[in-house]
*Asks:* 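A single structure is presented below for examination.
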Amino acid sequence: MIGIAALDHPADYFTWGIWSISAPNLILFIILVLLFVGALLLPFPKDGE
């Protein structure tokens, strides 16, 4: 089976002081933050549009 990522080895971890996060979780976190910021900044549709 061919996939996007090899799942047969542990994920890479990034560590800053006491904080440690895996690479896939960091990517997911960044995507969620971007979606949240986009939801705050994009205008809501107005009546009549």
*Asks:* Measure the spacing between CG of Asp12 and CD1 of Ile21 and express it to the nearest 0.5 Å.
*Replies:*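 It is 13.0 Å, given to the nearest 0.5 Å.
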*Asks:* Could you measure the distance from the OG atom of Ser20 to the OH atom of Tyr13? Nearest 0.5 Å is fine.
*Replies:* 6.5 Å
*Asks:* Roughly how far apart are Ile31 CD1 and Leu26 CG, rounded to 0.5 Å?
*Replies:*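 It comes to 10.0 Å.
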*Asks:* Within the supplied structure, the quantity of interest is the number of heavy atoms (other residues, nucleotides, ligands) at a distance under 6.0 Å from Trp16 CH2; does it exceed 12?
*Replies:* yes
*Asks:* Out of the candidates Val33, Ile27, Leu34, only one should pair with Ile30 under the side-chain contact (heavy atoms from CB on, under 4.5 Å) rule; please name it.
*Replies:* Leu34
*Asks:* What's the spacing between Asn25 CG and Phe29 CZ if we round to 0.5 Å?
*Replies:*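 Reported value, rounded in 0.5 Å steps: 10.5 Å.
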